[in-house]
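Hydrogens, waters and symmetry mates are skipped; everything else that's a heavy atom, side chains included, is used. All residue numbers in this chain count up from 1 along the given sequence.
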Amino acid sequence: MDTHKVGSDTTVIADSLEVLGVGHIPANAYVVTAAEPVVVDTGLSVEDRDFVAALGGVVDPADVRWIWLTHPDRDHTGGIFDLLEAAPRARVVTTFLGFGIMSTERALPVDRVYFLNPGQSLDVGDRTLHAFRPPLFDNPATVGFYDDRTRICFSSDCFGGPMPSAELAESGHASDLKPEELRRTQLLWATIDSPWVHLVDAEKYRASLAPLAEMNPEIVLCTHLPPAVRMTDRMLETIASAPDSDPFVGPDQMALEQLLASFERGGLTPA
């Protein structure tokens, strides 16, 4: 994991996973060092990650007051229960639905949960965090937010894109890619992560981008994209075209067998 600051009081805890044929998928969590510190998501659910240790390089976990769970998928919840132990005063910001989904594997303690719906706000001492539903999402419990002090938008999965290398995924910026490369990778991600975008009324979908355009954040922090600074208009234009892009079709069994055969021919064995 790589830890670096974005602005004066927001830190990225960056990680990634390589997906064959797709690229390196960023998997970011964030820390907002507000008067009441906020952790945004808690990393990947894989055994060799120690999210709380990485967090400790940014803030004392015991000082964390809020854990904003943008949605309860496993790439967002890896360290949540360890963090709840290390941060006894912290409460998990989620929705009724998010709480229910988490409970299918391991229930969140009810007294540690704070329900917040899109359109509502959370006061964290020195700023207000405004909850909203991102236009693209893969989980119905998704809630991002806008920090009105820093003009940073936390967009959860929306605007994501696979990167060509782990270094860029974990240590780079979205602007490191050429505009056409960024557009291509964001449309790929949109069709992978939100395949429903091809089935909805395109004009109604595009109308759902208006609140984010009016928000006009200076920085967009997505779980699955390096930090994007002063790129909001361009990225909104990209995802506006998602309904018209080609649907993603993953490899089938024949492709898998060809891949396995290539490993054998090269003297390699798949992990």
**Study point:** Heavy-atom side-chain contact between His76 and Thr223 under 4.5 Å
**Key:** yes

Review point. What's the verdict on side chain to side chain donor-acceptor pair (under 3.5 Å) for Asn139 and Thr142, showing C-alpha distance, side-chain angles and the deciding distance?
Key: CA-CA 6 Å; Asn139 186 302; Thr142 299; 4.8 Å; no

Check your understanding: What's the shortest heavy-atom distance between Thr238 and Leu187, and which atoms?
Key -> O-CD2, 3.4 Å

Practice item. Establish whether Val32 and Val52 are linked, either directly or via other cluster members, by ILVMFWY side-chain heavy-atom contacts under 4.5 Å. Key: no

Point to revise | Phe81 atom CZ, over 12 foreign heavy atoms within 6.0 Å | key: yes

Review point. Do Trp189 and Phe159 pass the ring-ring contact (aromatic ring centres under 6.0 Å, His included) test, and can you show the C-alpha distance, the side-chain angles, and the key distance before you say yes or no?
Key: CA-CA 8 Å; Trp189 179 255; Phe159 299 115; over 10 Å; no

Review point. Is Leu116 close to Thr95 at the side-chain level, that is, under 4.5 Å between some pair of heavy atoms?
Key: no

Practice item. Could you check if a side-chain atom of Met231 sits within less than 4.5 angstrom of a side-chain atom of Val220, using non-hydrogen atoms only? Key: no

Review point. What heavy-atom pair brings Ile239 and Pro243 nearest, and what distance separates the two atoms?
Key: O-CD, 4.1 Å

Review point. Between the main-chain N or O of His130 and the side-chain N or O of Asp148, is there a donor-acceptor pair closer than 3.5 Å?
Key: no

Check your understanding: Does a donor on one side chain and an acceptor on the other come within less than 3.5 Å for His71 and Ser156?
Key -> yes

Review point. Is it the case that more than 12 heavy atoms not belonging to Glu237 sit under 6.0 Å from its CD atom?
Key: no

Practice item. Give a yes or no answer on whether the side chain of Trp66 reaches the backbone of Tyr114 with a donor-acceptor pair at less than 3.5 Å. Key: no

Check your understanding: Could Asp9 and Arg127 be called an ion pair, given the rule that one side-chain N must be under 4.0 Å from one carboxylate O?
Key -> yes

Exercise for review: Decide yes or no for His198 and Ser245: does some side-chain heavy atom of the first lie under 4.5 Å from some side-chain heavy atom of the second?
Suggested key: yes

**Study point:** Between CD on residue Glu170 and CG on residue Leu168, distance to nearest 0.5 Å
**Key:** 10.0 Å

Point to revise | Note: Glu105-Arg74 ion pair, threshold 4.0 Å (strictly below) | key: yes

Check your understanding: Same hydrophobic cluster for Leu209 and Val197, using side-chain heavy-atom links shorter than 4.5 Å among ILVMFWY?
Key -> yes

**Study point:** Qualifying residue, where the test is side-chain contact (heavy atoms from CB on, under 4.5 Å) with Val31 and the options are Thr10, Val40, Val59
**Key:** Val59

Check your understanding: Can you find a pair of side-chain heavy atoms, one from Leu256 and one from Pro251, that are under 4.5 Å apart?
Key -> no

Review point. Should Val38 and Phe51 be regarded as members of a common hydrophobic cluster, given that ILVMFWY residues are connected when their side-chain heavy atoms come within less than 4.5 Å of each other, either directly or indirectly?
Key: no

Check your understanding: If you count the non-hydrogen atoms of other residues, nucleotides and ligands that lie under 6.0 Å from CZ in Arg151, is the total more than 12?
Key -> yes

Check your understanding: Which heavy atom of Ala141 sits nearest a heavy atom of Leu97, and at what distance?
Key -> N-CD2, 4.1 Å

Review point. Is Ile219 close to Cys153 at the side-chain level, that is, under 4.5 Å between some pair of heavy atoms?
Key: no

Review point. Is any side-chain heavy atom of Pro247 closer than 4.5 Å to a side-chain heavy atom of Thr191?
Key: no

Review point. Does a sphere of radius 6.0 Å around CD in Glu218 hold more than 12 heavy atoms from other residues, nucleotides or ligands, not counting ones at 6.0 Å or beyond?
Key: yes

Practice item. Scan Ser194, Ser208, Pro211 and name whichever one has a side-chain contact (heavy atoms from CB on, under 4.5 Å) with Pro135. Key: Ser208

Check your understanding: With Met102, which of Thr94, Ile80, Val92 fulfils side-chain contact (heavy atoms from CB on, under 4.5 Å)?
Key -> Ile80

Review point. Do Arg133 side-chain atoms and Pro140 backbone N/O form a donor-acceptor pair below 3.5 Å?
Key: yes

Point to revise | Stepwise side chain to side chain contact (heavy atoms under 4.5 Å, CB included) check, Leu122 with Thr128 | key: CA-CA 6 Å; Leu122 179 69; Thr128 301; over 6 Å; no

Review point. Are Phe137 and Leu212 connected in the hydrophobic side-chain network, where two residues link if heavy atoms are under 4.5 Å apart?
Key: yes

Review point. Sub-3.5 Å donor-acceptor pair from the side chain of Ser241 to the main-chain atoms of Asp244, do we have one?
Key: no

Exercise for review: Measure the spacing between NE2 of His173 and NE2 of His4 and express it to the nearest 0.5 Å.
Suggested key: 5.5 Å

Exercise for review: Taking all non-hydrogen atoms of both residues into account, name the closest pair between Arg112 and Ala87 and its distance.
Suggested key: NH2-O, 2.6 Å

Review point. Taking it one step at a time, do Val39 and Tyr30 satisfy side chain to side chain contact (heavy atoms under 4.5 Å, CB included)?
Key: CA-CA 6 Å; Val39 173; Tyr30 299 98; over 6 Å; no

Revision key, fill the gap. Paired with Asp41, the side-chain contact (heavy atoms from CB on, under 4.5 Å) test is passed by just one of Thr70, Asn28, Ile67, Asp73, namely Thr70

Check your understanding: Can you name the closest pair of heavy atoms from Ser16 and Arg49 and give their distance?
Key -> O-NH2, 3.4 Å

Point to revise | Check against side chain to side chain contact (heavy atoms under 4.5 Å, CB included), Phe132 and Val143 | key: CA-CA 6 Å; Phe132 74 101; Val143 180; over 6 Å; no

Review point. Distance-only, no hydrogens or angles: does the Ser103 side chain make a donor-acceptor pair with backbone N or O of Phe99 under 3.5 Å?
Key: yes

Review point. Going through the distances and angles, do Leu136 and Asp157 end up as a side chain to side chain contact (heavy atoms under 4.5 Å, CB included)?
Key: CA-CA 7 Å; Leu136 289 173; Asp157 283 9; over 6 Å; no

Check your understanding: Under 3.5 Å, side chain of Thr232 to main-chain N/O of Pro217, donor-acceptor pair present?
Key -> yes

Check your understanding: Is it true that Arg206 and Glu203 make a salt bridge, defined as a side-chain N closer than 4.0 Å to a carboxylate O?
Key -> yes

**Study point:** Path from Phe115 to Val110 over hydrophobic side-chain contacts below 4.5 Å
**Key:** yes

Review point. Run the side chain to side chain donor-acceptor pair (under 3.5 Å) check on Asp75 and His224 step by step: do they pass?
Key: CA-CA 10 Å; Asp75 53 338; His224 301 302; 3.1 Å; yes

Check your understanding: Would you say Thr185's side chain and Leu182's backbone share a donor-acceptor pair under 3.5 angstrom?
Key -> no

**Study point:** Ring centers of Trp68, Phe145 separated by less than 6.0 Å
**Key:** yes

Review point. Taking side chain as C-beta onward, heavy atoms only, is Met163 less than 4.5 Å from Ile25?
Key: no

Review point. Counting distance only, does the side-chain N/O of Asn216 pair as donor-acceptor with the main-chain N or O of Ala213 below 3.5 Å?
Key: no

Practice item. Return yes if some donor-acceptor pair links the side-chain N/O of Gln186 with the main-chain N/O of Arg183 below 3.5 Å, else return no. Key: no

Study note, to complete from the structure: Tested for side-chain contact (heavy atoms from CB on, under 4.5 Å) against Met1, the lone hit among Leu55, Asp50, Asp15 is Asp15

Check your understanding: Does CD in Glu47 sit with more than 12 non-hydrogen atoms of other residues, nucleotides or ligands closer than 6.0 Å?
Key -> no

Revision key, fill the gap. When rounded to the nearest 0.5 Å, the distance separating SG of Cys222 from CE of Met235 is 8.0 Å

**Study point:** Side-chain donor/acceptor of Lys5 to backbone N/O of Ser8, under 3.5 Å
**Key:** yes

Revision key, fill the gap. Minimal heavy-atom distance between Pro226 and Pro26, with the atoms involved, is CD-CG, 4.0 Å

